[in-house]
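Inspection log for the structure reproduced underneath, given as structure tokens.
Computation of the quantities below employed the complete heavy-atom set of this structure, encompassing side-chain atoms and omitting hydrogens, waters and symmetry-equivalent molecules. Numbers restart at 1 for each chain; the letters A, B, ... are given by sequence-line order, proteins then strands. These figures come from a predicted structure and were not determined experimentally.
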Amino acid sequence: MSKILAGLNPAQRAAVSHLNGPVMIVAGAGSGKTRVLTHRIALLVESGVRPWQVLALTFTNKAAKEMKERIALLVSPELARDLWMGTFHSVFARILRRHAADIGYTSSFTIYDSDDSLNAIKQVMNVLGISKDQFNANAVRSRISSAKNQLISPEEYERLARDLFSEQVARIYPEYNRALRLANAMDFDDLLLKTIELLDLPATPDNAGPLAYYQQKFKYILVDEYQDTNRAQYAIIKRLAGTQGNLTVVGDDAQSIYAFRGADIGNILDFERDYPGTQIFRLEQNYRSTKNILAAADELIKNNKDQIPKTLFTENVRGEPVKITQCLDERDEASAIVRAIEEQVRALKLDLKDCAVLYRTNAQSRAIEDGLRRQGIPYNIVGGTAFYKRKEIKDVLGYVRLLVNPNDSESLLRVINTPPRGIGATTMEHVAAYARDHRQSLMSALGAIDFVPGVQSRAIQRIHEFTRLLQKYTALRDKMSPSELVRSLVDETNLLQELKLENTIEALSRRENIQEFLSAITDYFHEKPDATLESFLEEVSLLSEVDQSDGTKNAVTLMTLHSAKGLEYPVVCIAGLEEGLFPSQPVGGTRDPNDIEEERRLLYVGITRAMRRCFVFYAIERLRFGETARALPSRFIEEIERSGTTEHVTSFGTKPHLRESASERTREISHLFAGSPVINGRTFARKRRETHTAHSFEDEPRASYSQIEEGTTLEHGARVFHETFGEGRVIAVAGFGDKAKATVEFPKFGRKNLMLKFANLKVL
DNA sequence: TGTGATAACATTTTT
DNA sequence: TGTTATCACA
């Protein structure tokens, strides 16, 4: 017992040792939250709770793995191994496989990633005759996804639909669900929804039902990052916690950064009300950062109205000020970042792996990568195009998925003509039509290809060859090890040879990727001899970006601020603190004040990742979308400066010639903005100097724009007429010259982004 | 049916 | 700017 409680501060110890009933741990950044969770679980196990009676839900698989390792050290590896620990999605996927038959699936159901979902939605739209030009499939997908996250059924969605777009989504949503069901597939959101469906199955006389079973099984439930759970996750927890109520949640409202994908901060704010008798513990001592870093973060977050009041303090040293650097453009920013990293590595005797560069959008990474490469500094990049999302990998995975689940129509469509084998789009149209008429999956329709009308005899031959190939490998599954099977499949389908013939650099790197994938499979089955292709596929589809990063290499880490949640680094550089970028300016003009608060929390997360040094950068102009756009420093800069623990410099301060060219460029460009200049919906200040004090933006961007046609002016709120969409109201205007765009709300067609050059709008 | 060229799109963040 | 979707043409 002493071993587990030793070394904890009084608040941590209290939070660890109060084992029963509902518990909420409000854990500030760097307050030893993971430590409390791991020690709490260790203590449970030590006091006699069996490991498989503990369910611990984390935000990433990596977090789960690290916690398991730490618990293994506190108790024993055997005990740690049997804990039910993982992300919501992976834990419930596992449970769903067990009970798949109860909800009309087979245990080898496929998990569709967002690309698969998007394709499935496009096909549904095709069948329903909904034009992809008028209704963006991606927008449809995100609508459906957020409906699912909020537990809104297709029927309810239809009732709530008020505008034309929602009405179309209401038609697509149920059809998309049917397509998933037919393909024996679930999307990410379904993993949560189907879990609820499963738990809500009624008990029968001879079976108490899954809910009773899992309530009984999981005696203790712990949820990490509770502030980022959505309604579906909340509903699952609520059911599982049931009457036992041994539920522990850990979270920090100040670090809620996923509202955009349905996370409901209300879950943490209302916890006490939901679970009467809740014990609340607060962890307020920060062990991670210097006083100066913490002061800057605190000063920033104070500007949010919505928050649980708390006082985070540290006994760490004061440290250096948070350094804010003004840069000329993204290239200059990259060099300034590189300089800061080199300087700190030298001064503090650190490794490159102690440094991280964080940014708002993945697109920003390119310039920073270039900068690092120029200086020959190795780096690791988290996210971007993840390995398992690359075309060539998805092709190979497609075959594997098809072997495991023949009804997976997305995989079938992907591989049936990859590499080309003469089964084209027209043929597959006929097959799909037949499948729809007979309410079958595409694969069953292929089985009946001789009866499918309209298919040419040559295509029929090719399809027979294709199905024979699949049958052969299905039969081989029992005779070969999974990795041998995949290797031989890649060999027989000529996927590698095709790339060899291409003889380009990209083809070479794709071949290397496939090779790497093959060795990854071999490693996986070597490490887990009992694993199946199903479990391999599941692991691959539920990997998060952070999970895939390689932490062993001694290199600078590059990632988005979102990915950085839960991590810490001695040196942290945050890039791109500019209005329009961070806080980001959404494409449509109107901005919910809550969005700004979420952006602010995101920066709070970023700053509090830093242990010893924190650097903040912004550029006065930046190449975005192939054109140079000027930007103002982020409002957040001024907010952290109020802490008095920052210093503000220019990256070109030591280089007079650069300073000269900078002000020249500023002059050069400034005349372009004479009048009412607008970029990204914001009026630009004409002189750099003014920008530090000129921070009084209105929340609603006031935009005005001089049309190419003389005399007409488009302003926010103006009423306009469009050939196809009819009358509408201007919500926002962005860009200038040929690139100028307007967001217009049309009563019948919803919100549209129009290029003014082509839209030919008439001002009414 | 397969291909190359051109147009259109995209930049918010992700399991 | 860079990548993907669509269209003409072979």
On DNA chain B, nearest-nucleotide positions of A:Ala459 versus A:Ser563: which is more 5'?
A:Ala459

In terms of side-chain heavy atoms of A:His562, which of B:dT1, B:dT13, B:dT15 is nearest?
B:dT13

Kindly point out which of B:dT15, B:dT1, B:dT11 is positioned nearest to the side chain of A:Ser114?
B:dT15

Could you state the CG-P distance from A:Asp264 to B:dT15, rounded to the nearest angstrom?
20 Å

Under 4.0 angstrom, heavy atoms only, what part of the nucleic acid is A:Asp228 near: base, sugar-phosphate, or nothing?
nothing

Below the 4.0 Å mark, does B:dT15 have OP1 or OP2 next to a side-chain nitrogen or oxygen of A:Thr60?
no

Atom CD of A:Glu225 and atom P of B:dT14: how far apart are they, to the nearest Å?
15 Å

Aromatic ring of A:Tyr258 stacked on base six-ring of B:dT13, 5.5 Å, 30°
no

What's the closest nucleotide to the side chain of A:Thr361 if the choices are B:dT1, B:dT13, C:dA5?
B:dT13

Report which part of the nucleic acid A:Asn417 touches: base, sugar-phosphate, or nothing (heavy-atom distance under 4.0 Å, all strands).
sugar-phosphate

Assess the side chains of A:Thr418 and A:Asp395: does a donor N or O sit below 3.5 Å from an acceptor N or O?
no

Roughly how many Å is it from CZ in A:Arg390 to C1' in C:dT3, rounded to a whole number?
14 Å

Of the candidate nucleotides B:dT1, B:dT13, B:dT15, which contains the atom at the shortest distance from the side chain of A:His89?
B:dT15

Distance test, side-chain N/O of A:Asn362 to OP1/OP2 of B:dT14, below 4.0 Å
yes

Could you say whether A:Thr87 or A:Gln456 is positioned toward the 5' end of DNA chain B, judged by the nucleotide with the nearest heavy atom to each?
A:Gln456

Backbone of A:Phe536 reached by a side-chain donor or acceptor of A:Glu539 within 3.5 Å
no

Taking CD from A:Gln255 and C1' from B:dT14, how many angstroms apart are they, rounded to a whole number?
17 Å

Let's see if you can work this out: which of B:dT13, B:dG2, B:dT1 has an atom nearest to the side-chain heavy atoms of A:Pro420?
B:dG2

Please tell me whether A:Asp187 and A:Tyr176 have a donor and an acceptor in their side chains that are separated by less than 3.5 angstrom.
yes

Distance check needed: B:dT15 P versus A:Arg231 CZ, whole Å only.
23 Å

Regarding the side chain of A:Arg366, the nearest nucleotide among C:dG2, B:dA10, B:dT14 is C:dG2

Between A:Lys391 and C:dT3, is there a side-chain N or O to OP1/OP2 distance below 4.0 Å?
no

Under 3.5 Å, is there a donor on one side chain and an acceptor on the other for A:Asn267 and A:Lys238?
no

Heavy atoms, side chains only, cut-off 4.5 Å: are A:Arg261 and A:Asn230 in contact?
no

Would you say A:Ser541 reaches B:dT15's phosphate, i.e. side-chain N/O to OP1/OP2 under 4.0 Å?
no

Among B:dG2, B:dT13, B:dT15, which nucleotide has an atom closest to any side-chain atom of A:Phe188?
B:dT15

For atom CG of A:Leu57 and atom C1' of B:dT15, their distance in whole Å:
13 Å

Among B:dT11, B:dT13, B:dT1, the one nearest A:Arg624 by side-chain distance:
B:dT11

How close or far is atom P of C:dA5 from atom CG of A:Asn136, stated in whole angstroms?
12 Å

Rounded to the Å, how far apart are A:Ile574 CD1 and B:dT13 P?
17 Å

Cation-pi, A:Phe59 ring and A:Lys565 (6.0 angstrom, 45 degrees)
yes

Has A:Thr426 got a side-chain N or O lying under 4.0 Å from the OP1 or OP2 atom of B:dT1?
yes

